[in-house]
Amino acid sequence: MPELPEAETVRRGLAEILAGTKIEGLEVFHPRTARYQNGGSAQLTQQLSGAHLDAVVRRGKFMWTLTSNGQALMMHLGMSGQFRPLAKQAGEAPVRHERARLYLSGGPAQSLSFIDQRTFGALYLSPTANTEDGAPAGCGSDSLLLPAGASHIARDLLDPHLDLVKVNQRIRKSKSPIKNVLLNQSIISGFGNIYADEALFVAGVHGARSASTLTRQQVAQILQAGIEIMERSLSRGGTSFDQLYVDVNGSAGTFADELLVYGRAGQACRECGHELSSISLNKRSHVYCANCQRPSRNLK
DNA sequence: AAGTAGACTTGGACAC
DNA sequence: ACGATCCAAGTCTACT
């Protein structure tokens, strides 16, 4: 499942393929992929044809590249999106689950396929505006131009311009379960179900606890754990829990064998041996150790 | 306004 | 064997 480390792995690959190239043509094979585009697939195709592309930028799980027509091409992986340079010719039949295809010139790849089994991913154009805090919009470029499509997304844990003190305060203002707050991309971006559960385990905090009951130190521990886990995962190309996430070369990430709780419900806690539990929070599974993560504990 | 619940999608797992 | 049901995910929309 693409979360921040997986998106950043893909961004690095995409940057080499897309930056400085020209889009010669575009085919959209599934209308849902262009569902956020005004005018749908036809508009996307028309507006992107002939456009020149800038650096590939990422904030949280949102990626984009600025185009010569003044808009940003938004690229979101959803839960199963993959970008692959498959060297396809115009008119060649789509491969299984291929939803769109770019034809490129001026770069290392002649084509770039967007493959997305579950169609939660998306490609669309968005207008841009300068960031309100005057810092670069995301990772991958110094540009301040932030697409409207990502303007509601908070800075992520690997962003050097993230204000950890403010985020800590904001989190503790919420009465929602801390797990839900971590998944709220408008408060802190980049977390998905995997890294949220992992960070909560490392910090020793039960995900059902109301964020407003946590101490500043506890929230700081959760955020610090998130930073360290995401950096470690990124260094291993991310987590490929199933076959839905691979990088632009088709390679899986290798962080799955380091996961401490995600996907391990019923197995032994790697810290204390207690059997790991699972509950549902906001319709998402939360795996935790009832011994290491006490719902009512105030301090670790 | 903050918070929650529903919708979307599809292939794999599972119980029958 | 086979249809049925549930599950997983990220984000947007709608409602309280």
Side-chain angles (χ1 to χ4, degrees), chain A residues 1-11 28-38 40 58-64 74-83 94-100 114-124 126 147-154 156-157 167 169-198 207-213 226 230 233 238-246 252-253 255-256 259 261-266 278-287:
Chain A
M1 271 51 70
E3 302 178 28
L4 191 155
E6 294 76 31
E8 174 59 15
T9 302
V10 171
R11 186 200 68 76
V28 180
F29 304 119
H30 197 302
R32 203 173 126 78
T33 296
R35 66 194 180 284
Y36 299 133
Q37 170 67 47
N38 285 334
R58 179 195 56 76
R59 174 185 287 220
K61 307 167 197 171
F62 285 72
M63 293 186 287
W64 66 85
M74 305 295 296
M75 299 172 281
H76 201 289
L77 300 173
M79 68 178 288
S80 60
Q82 308 176 355
F83 284 99
V95 301
R96 187 161 159 83
H97 299 137
E98 185 176 6
R99 310 306 190 191
F114 182 61
I115 296 164
D116 184 19
Q117 178 193 105
R118 310 250 166 120
T119 69
F120 277 42
L123 302 178
Y124 53 106
S126 174
S151 62
H152 62 302
I153 302 301
D156 60 64
L157 281 178
V167 171
Q169 288 171 347
R170 174 93 190 272
I171 288 173
R172 285 180 293 115
K173 277 183 186 158
S174 172
K175 293 175 186 144
S176 298
I178 179 63
K179 169 81 182 279
N180 297 2
V181 179
L182 294 181
L183 293 177
N184 185 337
Q185 308 293 303
S186 70
I187 294 176
I188 179 70
S189 73
F191 275 113
N193 216 27
I194 297 175
Y195 299 108
D197 274 5
E198 294 297 309
R209 289 199 53 185
S210 167
S212 62
T213 70
M230 288 188 194
S233 178
T239 302
S240 293
F241 193 73
D242 48 32
Q243 306 310 308
L244 296 182
Y245 161 70
V246 293
F255 193 69
L259 296 178
V261 286
Y262 181 86
R264 299 193 64 244
S278 179
I279 57 168
S280 184
L281 278 179
N282 223 23
K283 306 260 185 179
R284 296 288 180 265
S285 68
H286 172 51
V287 183

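Values below: every heavy atom of this structure, side chains too, minus hydrogens, waters and symmetry copies.
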**Study point:** Under-4.0 Å salt bridge between D197(A) and K179(A)
**Key:**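 Judged by the 4.0 Å cut-off on N to carboxylate O distance, D197(A) and K179(A) do form a salt bridge.
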
Is any side-chain nitrogen or oxygen of [X] closer than 4.0 Å to OP1 or OP2 of [N]?
X: H30(A); N: dT10(B); value: yes
X: K283(A); N: dA5(B); value: no
X: H76(A); N: dG10(C); value: no
X: K175(A); N: dA2(B); value: no
X: S176(A); N: dT4(B); value: yes
X: H97(A); N: dG11(B); value: yes

Rounding to a whole Å, what distance do you find between [X]:[atom1] and [N]:[atom2]?
X: D116(A); N: dT9(B); atom1: CG; atom2: C1'; answer: 9 Å
X: N180(A); N: dG10(C); atom1: CG; atom2: P; answer: 13 Å
X: I153(A); N: dT11(C); atom1: CD1; atom2: C1'; answer: 8 Å
X: Y245(A); N: dA9(C); atom1: OH; atom2: P; answer: 17 Å
X: Q243(A); N: dG11(B); atom1: CD; atom2: P; answer: 15 Å
X: I171(A); N: dA2(B); atom1: CD1; atom2: C1'; answer: 16 Å
X: R170(A); N: dA1(B); atom1: CZ; atom2: C1'; answer: 11 Å
X: Q117(A); N: dC8(B); atom1: CD; atom2: P; answer: 19 Å

Does [X] reach a base, just sugar-phosphate, or nothing at all? Heavy atoms under 4.0 Å.
X: S174(A); answer: sugar-phosphate
X: F241(A); answer: nothing
X: R35(A); answer: nothing
X: F62(A); answer: sugar-phosphate

Looking only at side-chain atoms of [X], point me to the closest of [options].
X: T119(A); options: dT10(B), dT11(C), dA5(B); result: dT10(B)
X: Y36(A); options: dC12(C), dG10(C), dA9(C); result: dC12(C)
X: S285(A); options: dT4(B), dA9(C), dT11(C); result: dA9(C)

Review point. From K61(A) NZ over to H76(A) NE2, what is the distance, rounded to the nearest 0.5 angstrom?
Key: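 So the gap between those two atoms works out to 6.5 Å.
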
Check your understanding: Just how far is it from atom CE of M75(A) to atom CZ of R58(A), taken to the nearest 0.5 Å?
Key ->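 Answer for the CE-CZ pair, M75(A) versus R58(A), is 12.0 Å.
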
Check your understanding: Where do M79(A) and Y245(A) land on the side-chain contact (heavy atoms from CB on, under 4.5 Å) test, with the steps shown first?
Key -> CA-CA 8 Å; M79(A) 68 178 288; Y245(A) 161 70; over 6 Å; no

Review point. Do S126(A) and Y36(A) have a side chain donor and acceptor closer than 3.5 Å?
Key: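 No - no donor-acceptor pair under 3.5 Å links their side chains.
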
Review point. Side chain of R118(A), base of dT11(C): donor and acceptor closer than 3.5 Å?
Key: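 By the distance-only test, no, there is no pair.
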
Exercise for review: Specify the residue among H152(A) and I194(A) whose closest nucleotide of DNA chain C lies further upstream toward the 5′ end.
Suggested key: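 Per heavy-atom nearest nucleotide, the more 5' residue is I194(A).
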
Check your understanding: More 5' along DNA chain B: R99(A) or K173(A), using each one's nearest nucleotide?
Key ->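 Result of the comparison: K173(A).
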
Check your understanding: Yes or no on side-chain contact (heavy atoms from CB on, under 4.5 Å) for F191(A) and M230(A), after CA distance, side-chain angles and deciding distance?
Key -> CA-CA 9 Å; F191(A) 275 113; M230(A) 288 188 194; 3.6 Å; yes

